[in-house]
Amino acid sequence: MNSSFSVTERQAIRRSIRQQRNQLSRSFRQQASRHLLRSLRQSPSFAFSKRIAVYLTNDAEIDTAVLLKDLQQRQRHIFLPVLHPLRKGHLSFIRYQRTTRMSRNRFGISEPDFRHSKSVSARFISLICMPLVAFDEQGNRLGMGGGFYDRTLAFMHQPGPRPALIGLAYELQKQPALPCEPWDIPLAAVATEKRLYQIR
Ligand SMILES: Nc1ncnc2c1ncn2[C@@H]1O[C@H](COP(=O)(O)OP(=O)(O)OP(=O)(O)O)[C@@H](O)[C@H]1O
Ligand SMILES: [Mg+2]
C-alpha cells in the first residue's frame, strides 16, 4: 500500500503506458494475443472456471481475440462487462454468444445491449479477466481512471462468494510498484504475453 502518490502521478503513469502501448506493431499484438492464452493456461482458475468474464479490446489493450475463440471452443460461458444503466459508475455482466445483440456505450465501446439480454452481478461470475493500464507484482492495478471495476467489485471486501480476478496486460505495463488507494481492488494474478504472475 502506498497512498502518497497523487492523482497527478497516477495520471502520468497512465499517460506514459498508454502511449507506449499504442506504439506496438500489429504483428507484435497478434503474437501477444496467442501468447496471452498460453500464460492464462497456467492458472488453475482459468482451467476450472465455467463462467468467465472477458473484455473486447479497446484503447490498444492486449487483444482478447484468441482467448475468446478458445473459450468458445471449450464451451465456457463468456460474459462481457456493460455499463449499468441505473447504478451509475457500476458494471454488470451479460452473456456473450453469437446471437448477442451489441450496441456502443457512451465511451464508444461495443457491449451487449442491456435492453435485450439478462445481466448478472459480478458475484455470479467465477473468473473476471480485467483490462488495466498498469500493474505491479503485488497485484496492484491501475485502470483507465473511471473506477468502474473498483466500484463493481467493492463487495470483495466482504465475506462471501467472489470471482477470481486476473488482469490481462502487455509486459510493458508492469511497474516496479504502483500507487494504490483504499478503494482499489487487488488482482489475484496477471497474465501477459510473457508469463503468468500469481500474486498469492
Ligand atoms: N468503491 C468505490 N466507491 C465509490 N467511488 C469509488 C470506488 N472505487 C473507486 N471510486 C472512485 O473512482 C475514481 C477512480 O478510481 P481509480 O483511479 O482507482 O480508477 P481505476 O482503477 O483506474 O478505474 P477502473 O476501476 O474503472 O479500472 C476515484 O476517484 C474513486 O473515488
Ligand atoms: Mg482503481
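Quick note: numbers below take in every heavy atom, side chains included, and nothing from hydrogens, waters or symmetry partners. Note that ligands are numbered from 1 as they come in the structure, with each ligand's atoms numbered from 1 the same way.
Judged by the 6.0 Å and 45° rule, Arg123 forms a cation-pi pair with Phe155. Cation-pi geometry between Arg151 and Tyr149 is not met at under 6.0 angstrom from the ring centre and within 45 degrees of the axis.
Remark: side-chain polar atoms of Gln42 are not paired, donor with acceptor, to backbone N or O of Ser39 under 3.5 angstrom. Side chain of Asp184 to main chain of Glu181: a donor-acceptor pair is present (N/O by atom type, distance under 3.5 Å, no hydrogens or angles).
Salt bridge absent: Asp70 and Arg76 never bring a charged side-chain N and a carboxylate O closer than 4.0 Å. A salt bridge links Arg21 with Asp59; the closest basic N to acidic carboxylate O contact falls under 4.0 Å.
Considering only non-hydrogen protein atoms, atom 26 (O) of ligand 1 sits nearest to Phe148 N, 2.7 Å. Atom 28 (C) of ligand 1 has as its closest protein heavy atom Trp183 CZ2, 3.6 Å. For atom 21 (O) of ligand 1, the closest non-hydrogen atom of the protein is Asp150 OD2, 2.9 Å. At the top of the distance list for atom 14 (C) of ligand 1, counting protein heavy atoms only, stands Gly145 O, 3.3 Å.
Protein N/O/S atoms found under 2.8 Å from the Mg ion (ligand 2), listed by chain and residue number: Asp150 OD2, Asp184 OD1.
Of all atoms in ligand 1, listed by their number and element, those nearer than 4.0 Å to a heavy atom of Ala154 are 1 (N). Counting atoms of ligand 1 from 1 in the listed order, those under 4.0 Å from a heavy atom of Asp184 are 18 (O), 21 (O). Set against the non-hydrogen atoms of Met144, the atoms of ligand 1 under 4.0 Å away are 22 (O). The ligand atoms of ligand 1 that sit less than 4.0 angstrom from a heavy atom of Arg141 are 21 (O), 24 (P), 25 (O), 27 (O).
Of the listed residues (Arg151, Arg14, Glu181, His90), the one carrying the non-hydrogen atom nearest atom 22 (O) of ligand 1 is Arg14. The heavy atom nearest to atom 19 (O) of ligand 1, considering only Gly147, Pro182, Gly143, is found in Gly147.
A donor atom on one side chain and an acceptor atom on the other are not found under 3.5 Å apart for Gln175 and Asp136. Residues Gln138 and Tyr197 have side chains that never bring a donor and an acceptor to within less than 3.5 angstrom of each other.
Between Tyr96 and His77, the gap from one ring centroid to the other reaches at least 6.0 Å. The ring of Phe79 has its center no closer than 6.0 angstrom to the ring center of Tyr55.
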Distance-only donor-acceptor hits, side chain of residues 85-94, under 3.5 Å, sequence neighbours excluded:
| residue | atom | partner | partner atom | Å |
| --- | --- | --- | --- | --- |
| Ser92 | OG | Ser119 | OG | 3.1 |
| Ser92 | OG | Val120 | O | 3.2 |

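Of the heavy atoms in Arg10, only side-chain atoms (C-beta onward) come closer than 4.0 Å to ligand 1. Counting heavy atoms under 4.0 Å from ligand 1, residue Met130 does not touch it at all. If you look at Leu132 next to ligand 1, there are no close heavy atoms at all, none under 4.0 Å.
If you take CG on Leu37 and CG on Leu68, they are separated by 10.5 Å, rounding to the nearest 0.5 Å.
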